[in-house]
Student: 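First the structure, which I've put down as structure tokens, then a few questions once you've had a look.
These numbers were taken from a predicted model, which means no experiment stands behind them.
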Amino acid sequence: MAKMEVTIPTDLIRKLEKMGSQGEEIGKKMLNAGARILRAKVDSNLKKILYTNRGFDKSYPTGALERSITIDKPKRSKNGNLYVRIYFKGKDSKGVSNGLKAAILEHGKSDQPKRPFVRPAVEQTEDKINKEMQRIFDFEISKL
């Protein structure tokens with residue numbers, strides 16, 4: 001039979017003990033900070049796609065899709081983990097879901113090439129988000 005032993009660093013144990021019941025609030029602060037960074041990059045990438053290299057496209061973006069990018073409040077999943085959702089809220093003036101328009105831009109369709117802007121935003125901001133969340137964690141723990 002296999003046996004495994006895990007040793008958690010004592011400084012991490014001390015930080016977690018200090019955190020106590022405030023852990024959820026600290027987690028929410030961390031998620032909100034990370035979500036704001038990602039939302040800004042998604043918005044920036046979307047604007048680059050919509051307003052540059054338009055080719056023969058005669059329609060002009062109204063800005064509704066950019067304005068629809070929404071950060072949800074942090075929630076707890078079924079298995080107890082905190083998470084935050086960034087999504088495209090609502091519909092345009094013609095009744096088309098902003099989420100659908102974003103998905104078509106991201107993944108394309110048979111007569112429209114894909115122009116990804118969400119996945120690159122996630123990849124471009126991953127390190128920055130992790131550093132900001134770590135900074136908030138360390139700051140909040142130092143206040144305790």
Student: Between Asn98 (side chain only) and Leu65 (backbone N and O only), is there a donor and an acceptor less than 3.5 Å apart?
Tutor: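 Answer holds: no.
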Student: Considering non-hydrogen atoms only, spot the tightest contact between Ala121 and Val42 and give its length.
Tutor: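 Looking at all heavy atoms of both residues, the closest pair is CB-CG2, 3.7 Å.
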Student: Check the hydrophobic clustering (I, L, V, M, F, W, Y; side-chain heavy atoms under 4.5 Å; chains of links allowed) and say if Val84 and Val122 are grouped together.
Tutor: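 As far as the 4.5 Å side-chain criterion goes, Val122 and Val84 are connected within one cluster.
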Student: Take Tyr51 and Glu66, measure what side-chain contact (heavy atoms from CB on, under 4.5 Å) needs, and give me the verdict at the end.
Tutor: CA-CA 12 Å; Tyr51 299 107; Glu66 300 99 295; 2.7 Å; yes
Student: Report yes or no: does Glu106 contribute a side-chain atom to a donor-acceptor pair with the main-chain N or O of Val118 at less than 3.5 Å?
Tutor: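 Yes, the answer is positive, given that a donor and an acceptor are paired below the 3.5 Å cut-off.
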Student: Please check if the side chain of Thr125 supplies one atom and the backbone of Ile129 the other of a donor-acceptor pair under 3.5 Å.
Tutor: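 Between the backbone of Ile129 and the side chain of Thr125 there is no qualifying donor-acceptor contact (under 3.5 Å).
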Student: Just by distance, do the side chain of Asp72 and the backbone of Arg85 share a donor-acceptor pair under 3.5 Å?
Tutor: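 Between the backbone of Arg85 and the side chain of Asp72 there is no qualifying donor-acceptor contact (under 3.5 Å).
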Student: For a side-chain contact (heavy atoms from CB on, under 4.5 Å) check, start with the C-alpha distance between Phe88 and Ile69, then their side-chain angles and the critical distance, and finish with the verdict.
Tutor: CA-CA 5 Å; Phe88 295 86; Ile69 303 171; 3.4 Å; yes
Student: Please determine whether salt bridge (Lys or Arg N to Asp or Glu O under 4.0 Å) holds for the pair Glu24 and Lys28, giving the CA-CA distance in whole Å, both sets of side-chain angles, and the decisive distance to 0.1 Å.
Tutor: CA-CA 6 Å; Glu24 186 162 337; Lys28 288 178 180 180; 3.6 Å; yes
Student: Drop me the distance from Met133's CE to Ile136's CD1, to the nearest 0.5 angstrom.
Tutor: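 One gets 8.0 Å once the value is rounded to the nearest 0.5 Å.
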Student: Assess the residue pair Leu82 and Met30 against the criterion (side-chain contact (heavy atoms from CB on, under 4.5 Å)); give the C-alpha distance rounded to whole Å, side-chain angles, the decisive distance to 0.1 Å, and a yes or no.
Tutor: CA-CA 10 Å; Leu82 284 173; Met30 292 166 60; over 6 Å; no
Student: Could you please spell out the steps behind the side-chain contact (heavy atoms from CB on, under 4.5 Å) verdict for Asn130 and Glu126?
Tutor: CA-CA 6 Å; Asn130 287 335; Glu126 186 176 4; 3.9 Å; yes
Student: Side-chain heavy atoms nearer than 4.5 Å, only ILVMFWY residues, links allowed to pass through others: does that put Phe117 and Ile104 together?
Tutor: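 Unlinked, Phe117 and Ile104 end up in two clusters.
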Student: What distance do Arg119 atom CZ and Lys114 atom NZ have between them, rounded to the nearest 0.5 Å?
Tutor: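 That separation rounds to 12.0 Å.
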Student: Has Lys91 got more than 12 heavy atoms of other residues, nucleotides or ligands less than 6.0 Å from its NZ?
Tutor: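 For Lys91, atom NZ is not crowded (no more than 12 foreign heavy atoms under 6.0 Å).
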Student: Would you say the side chain of Leu105 lies within less than 4.5 Å of the side chain of Gln112, judging by non-hydrogen atoms?
Tutor: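 Yes, their side chains come closer than 4.5 Å.
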Student: Checking Asp43 side chain against Arg39 main chain: does a donor-acceptor pair fall under 3.5 Å?
Tutor: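 Judged by distance alone, no pair lies under 3.5 Å.
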Student: Got more than 12 heavy atoms from elsewhere within 6.0 Å of CZ, Arg76?
Tutor: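 Counting other residues, nucleotides and ligands, CZ of Arg76 exceeds 12 neighbours.
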Student: Atom OH of residue position Tyr87 - does it have more than 12 heavy atoms of other residues, nucleotides or ligands inside 6.0 Å?
Tutor: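 Correct, the count exceeds 12.
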Student: Can you tell me how far apart CZ (Arg115) and CG (Leu50) are? Round to the nearest 0.5 Å.
Tutor: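 With rounding to 0.5 Å, CZ (Arg115) is 6.5 Å from CG (Leu50).
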Student: Could you give me the CA-CA distance, side-chain angles and deciding distance for Gln134 and Asp138, then say whether side chain to side chain donor-acceptor pair (under 3.5 Å) is met?
Tutor: CA-CA 6 Å; Gln134 183 66 51; Asp138 292 339; 2.9 Å; yes
Student: How long is the gap from CD1 on Ile37 to CG on Asp127, to the nearest 0.5 Å?
Tutor: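 The CG atom of Asp127 is 11.0 Å from CD1 of Ile37, to the nearest 0.5 Å.
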